[in-house]
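Worksheet for the structure shown next.
Quick note: residue numbers are just sequence positions, from 1.
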Amino acid sequence: GMDKNERAFTVVGAGRRKEPDVIPVSPWRQIVADIPRVSAVILLLVVLGCILAPCIANHDPEAFYLQHLNEPPNHEFYFGTDMLGRDIFSVLWYGGRLSLVIGVLATVVSSGIGMVYGCISGTAPDWLDSALMRIAEILCSIPYLLLQLLLLACIGQAHVISISLVIGVTTWMNLARIVRSEVRQIRGSEYVLAARAMGGGFFYILRHHLLPNFISPVLFMLVSSIGISMTMEATLSFLGIGLPTEVTSWGTMLALSTRALMTDSWWIIIIPGCFLIITLLCITHIGHHLRREINRGSSNL
């Protein structure tokens, strides 16, 4: 008998060469391998710097050095000091921690709501699906900033968890629409029908059958929404309705920019602004790369 590793059928013929064995490459591994290296390295350095803030900071980020107000960058204060006498270099790394945490938390909230809502809409009867999508479209038509202002006004004093929740519950609609369209395409598949016939609940089917099929198309949205959430936090803090100024994030550091302009203290604006912009550009670049690779992979199927 044939060895089980050999093929059941062998192609024969004049001049026929033995085909070389091709080792299939996982599409996930290929996508990760092709991530833009420069953006990934810069983002990794920023994240590591924020995680290792206690090791990097050379001053107490909460201390007010009243003898050194509005000092430009020098050998003692690498990025200068602000009008409160805080060391910008030290505050920057601790502030980056909060900005990244808010970006990730808000993305977790928005992706959780968007995925569940999209799956409910995609598997629901047509009348309910239509009603759910109209609700999502109405919410999507209202400017994010206006919704966030209303919610923050109801909450009162904002903190890390509350501002993450506010950003998350106002940015899930586009993700829900994409998930819904993906689920509509696979809800009639045999494995979904079989799981439902065997008594599988909604969340069982979502976790085992729906999620593995739509996670690739929405992966770029999940990555990009981290940057979008960080931008929203910075915007809200800049407007004075986000985190209080005593809580250090990149947004609250930029909230001091109006007073910094009056005193020509460019380093108070430029340095935190550059860190925020570079981080957002890296996240956006990686997100766009994932979308391009996923679209290329789906077009080759």
Open item on the list: Are Ile268 and Leu239 linked, directly or through intermediate hydrophobic residues, by side-chain heavy-atom contacts shorter than 4.5 Å (ILVMFWY only)?
Closed with: yes
Task: Separation between CD1 of Ile278 and CG of Leu43, rounded to the nearest 0.5 Å - done: 11.5 Å
TODO: Not counting sequence neighbours, which residues clear side-chain contact (heavy atoms from CB on, under 4.5 Å) with Leu165? List them please.
DONE: Val109, Ile161
Open item on the list: Tell me the closest heavy-atom pair linking Gly122 and Arg184, and the distance in Å.
Closed with: O-CD, 3.4 Å
Open item on the list: Treating Thr107 as the side-chain partner and Ile226 as the backbone partner, does any N or O pair qualify as donor plus acceptor under 3.5 Å?
Closed with: yes
- [ ] Using modelled atom types only, decide if a donor and an acceptor are shared between the side chain of Ser141 and the backbone of Ile138 within a distance under 3.5 Å.
- [x] yes
Open item on the list: If hydrophobic clusters are built from ILVMFWY residues whose side chains come within less than 4.5 Å, do Ile215 and Ile113 share one?
Closed with: yes
TODO: Indicate yes or no: at least one non-hydrogen side-chain atom of Val218 is less than 4.5 angstrom from one of Glu182.
DONE: no
Task: Ser224 side, atom OG; Ile286 side, atom CD1 - distance, nearest 0.5 Å - done: 9.5 Å
- [ ] Kindly indicate whether the side chain of Trp250, heavy atoms from C-beta on, has any atom under 4.5 Å from the side chain of Leu92.
- [x] yes
TODO: Kindly give the heavy-atom pair with the smallest separation between Ala158 and Pro244, and that separation in Å.
DONE: O-CD, 3.5 Å
- [ ] Find the distance between CD1 (Ile167) and OG (Ser110) and round it off to the nearest 0.5 Å.
- [x] 9.5 Å
TODO: For Ala136 and Met173, work out which heavy atoms get closest and say how close.
DONE: O-CG, 3.6 Å
- [ ] Look at the side chain of Thr279 and the backbone N and O of Phe275, then say whether any donor-acceptor pair between them is shorter than 3.5 Å.
- [x] yes
- [ ] Search all heavy atoms of Met230 against all heavy atoms of Ile283 and return the closest pair with its distance.
- [x] SD-CD1, 4.1 Å
Open item on the list: How long is the straight-line distance from CE of Met83 back to OG of Ser265, given to the nearest 0.5 Å?
Closed with: 6.0 Å
Open item on the list: Less than 4.5 Å apart, side chain to side chain, heavy atoms only: is that true for Val38 and His285?
Closed with: no
TODO: Measure from the side-chain N and O atoms of Ser225 to the backbone N and O of Leu222, and report whether any donor-acceptor pair falls under 3.5 Å.
DONE: yes
Task: Shared hydrophobic cluster for Val116 and Val179 (ILVMFWY, side-chain gaps under 4.5 Å) - done: yes
Open item on the list: For Glu137, I'd like to know if atom CD has over 12 heavy atoms of other residues, nucleotides or ligands within 6.0 Å.
Closed with: yes
- [ ] Examine distances only and state if a side-chain atom of Ser162 and a backbone atom of His159 form a donor-acceptor pair shorter than 3.5 Å.
- [x] yes
Task: Gap between atom CE of Met232 and atom CD1 of Ile163 - 0.5 Å precision - done: 11.0 Å
Task: Polar side-chain atom of Arg97 near backbone of Cys50 as donor-acceptor pair, under 3.5 Å - done: yes
Open item on the list: Which heavy atom of Ile88 sits nearest to which heavy atom of Met253, and what is that distance?
Closed with: CG2-CE, 3.9 Å
Task: Under 3.5 Å: donor-acceptor pair, side chain of Thr81, backbone of His68 - done: yes
TODO: Assign the ring pair His59 / Tyr65 to parallel, tilted or perpendicular, where the plane angle (0 to 90°) is split at 30° and 60°.
DONE: perpendicular
Task: Within one Ile-Leu-Val-Met-Phe-Trp-Tyr cluster: Leu139 and Leu128, side-chain cutoff 4.5 Å - done: yes
- [ ] May I ask you to decide if Thr231's main-chain N or O and Thr235's side chain share a donor-acceptor pair within less than 3.5 Å?
- [x] yes
TODO: Verify side-chain hydrogen bond (donor to acceptor under 3.5 Å, both in side chains) between Ser237 and Thr252, making sure each step is shown before the conclusion.
DONE: CA-CA 5 Å; Ser237 297; Thr252 56; 5.8 Å; no
Task: Check: Trp267 ring centroid to Tyr78 ring centroid under 6.0 Å - done: no
TODO: Specify the closest pair of heavy atoms between Cys119 and Thr123, including all atoms of both residues, with the distance to one decimal.
DONE: O-OG1, 2.7 Å
Open item on the list: For a 4.5 angstrom cut-off between non-hydrogen side-chain atoms, does Cys140 reach Arg177?
Closed with: yes
Task: Under 3.5 Å donor-acceptor, Tyr117 side chain and Leu132 backbone - done: yes
Task: Result of checking Ile102, Leu243, Leu145 against Leu236 for side chain to side chain contact (heavy atoms under 4.5 Å, CB included) - done: Leu145
- [ ] Look only at the side chain of Trp93 and the backbone of Pro54, and say whether a donor-acceptor pair between them is shorter than 3.5 Å.
- [x] no
Open item on the list: So, taking the atom named CG in Asp129 and the one named CZ in Arg134, what distance separates them when rounded to the nearest 0.5 Å?
Closed with: 8.0 Å
Open item on the list: Is there a path of hydrophobic side-chain contacts, each under 4.5 Å between heavy atoms, that joins Ile178 and Ile186?
Closed with: yes
